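Structure, as structure tokens:
Quantities reported herein were computed from a predicted structural model and do not represent experimental measurements. Order of listing sets the numbers, starting from 1, for every ligand and every atom in it. Start at 1 with the first residue, then count along the sequence.
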Amino acid sequence: MANKKLDLVPLYEWGMFTEPRPSVVAGPCSAETEEQVMETAKGLKELGINVFRAGIWKPRTHPGSFEGIGAPALKWMQKAKKEYGLKIATEVASEKHVFECLKYGVDLVWLGARTTANPFLVQEIADALKDTDIPVLVKNPVNPDLDLWIGALERLNSAGIRKLGVIHRGFSTFDRIKYRNDPQWQVAIELRSRYPELPFFVDPSHMAGCKDYIREISQRSLDLGFEGLMIESHCNPSCALSDAKQQLTPPELSDLLYNQITVRDSDSDSKEWKENIDQLRAKIDIIDENILYALGSRMKISRQIGEYKKNNNIAILQTSRWDAVLAKVVEKGHEYGLPEHFVTDVFNAIHEASVEAQNEIISADRK
Ligand code: PEP
Ligand code: MN
């Protein structure tokens, strides 16, 4: 089904973000105490942050973890807004949260990954936000389901939310990977190519899960041309009641933004070219990683088949099976605009390596 067009207000017309990139939303994972909110907000304001985040209601995996202060913490946010001239932002997961936020002058809300995955809740929130002008950012759902993500955007947009954007925070995975959530950048790239006008933030904190990887993820996000970053920052991260490992102090955030990441200027023609080519190359790098990952996974299965053949005393090569595979990929390749000789060469090389691997398995048996 073709996606509906979204009716959007450009990011720099929301009244809270200005160029140059990146637009930053920063603040603690959770609002914990008035002192922590005020001290963090002060530190962030001093480094030039305008949009201050803090979680008020926290969707935690296990019961018994700190689940946020709830509505009373909105008063602290309101105080930070007044004292430091910050815009304030928090996560909403129900109609009740929306009403509380409107009561306390919250300037931007976002839907968390667990909420985006639930169309009933998204609809409830969209209905509650109807007739307000409040900007909404939608995090990706926990699972890499692009349509579910787009569906949430469509529900909000149909309710008249035009200051609408997304936050990519990676996807849950059972595999052991270096990050807390799997970036699967190809999903973000696909969304960007379907909706080039949709304001795009990346949340390196939840993607990384630990502060060591925040720089590389932020850089990649800038290299891909995304507009914004949502980064968790706490005045005293080691004492944080949630996500302690992934929060930066305001001075660490300052160092990241002003010294460690490179934002390419798009002022002059030649620089614009450079930025575009870098973005394209960053996409190619990700696709190459995905190709290698797919080849590795294929090889693992191929070895399993080798074992299976060995145990059942079956020969390695069944040429009719390979002919059928080749015919299928060549036909599929046409759909993707790939010449037949290219597809044949690539798949013959893959097949050769598989046969070799299976051969090793069988000959090990003969020792
Ligand atoms: C958060 O931003 O504090 C949060 C809970 O994030 P996510 O929905 O990405 O897990
Ligand atoms: Mn968090």
query = Which of the atoms in ligand 1, numbered in the order shown and given with their element, are less than 4.0 Å from a heavy-atom of Arg114?
reply = 7 (P), 8 (O), 10 (O)
message = Can you name the atoms of ligand 1, numbered from 1 with element, that are less than 4.0 Å from a heavy atom of Glu232?
response = 3 (O)
request  = Sort out for me which residue in Lys211, Arg180, His234 forms a side-chain hydrogen bond (donor to acceptor under 3.5 Å, both in side chains) with Gln246.
outcome  = Arg180
request  = Around atom 4 (C) of ligand 1, find the nearest protein heavy atom and jot down its residue, atom name and distance.
outcome  = His206 NE2, 3.5 Å
ask   = Is there a heavy atom in Lys58 that sits closer than 4.0 Å to ligand 1?
value = yes
request  = Write the atom name of the N, O or S atom in Glu232 that is nearest the Mn ion (ligand 2).
outcome  = OE2
inquiry  = List ligand 1 atoms under 4.0 Å from Gly112, heavy atoms only on the residue side.
reply    = 8 (O)
task = Flag Lys139 as yes when one of its N or O atoms lies below 3.5 Å from any N or O atom of ligand 1, and as no otherwise.
result = yes
message = I want to check something: taking the side chain as every heavy atom from C-beta on, are Asp285 and Asp223 in contact at a cut-off of under 4.5 Å?
response = no
query = About how many Å separate NE2 of His168 and CE of Met207, when rounded to the nearest 0.5 Å?
reply = 3.5 Å
Geometric class of the Tyr213/Tyr179 ring pair [parallel <30°, tilted 30-60°, perpendicular >60°] = perpendicular
query = Could you give the distance from NZ (Lys45) to CZ (Phe52), rounded to the nearest 0.5 Å?
reply = 12.0 Å
query = Can you tell me how far CG of Leu111 sits from CD of Glu91, rounded to the nearest 0.5 angstrom?
reply = 7.5 Å
note = Ranking Arg169, Glu91, His168 by closest non-hydrogen atom to atom 10 (O) of ligand 1, top hit is Arg169
message = Please give the atom name: the N, O or S atom of Asp243 nearest to the Mn ion (ligand 2).
response = OD2
task = Please say whether Asp203 places an N or O atom under 3.5 Å from an N or O atom belonging to ligand 1.
result = no
key: Proximal heteroatom of His206 relative to the Mn ion (ligand 2) (N/O/S)   = NE2
ask   = Between Phe200 and Trp149, what is the ring plane arrangement, given parallel below 30°, perpendicular above 60°, and tilted in between?
value = perpendicular
ask   = Between Arg194 and Glu190, is there a salt bridge with N-O shorter than 4.0 Å?
value = yes
query = Taking distance alone, with no angle check, do Ala113 and ligand 1 share an N/O pair under 3.5 Å?
reply = yes
ask   = Looking at Leu47 and Ser254, what are the two nearest heavy atoms and their distance?
value = CD2-CB, 3.8 Å
query = Which atoms from ligand 1 have a heavy atom of Arg53 less than 4.0 Å away?
reply = 1 (C), 2 (O), 3 (O)
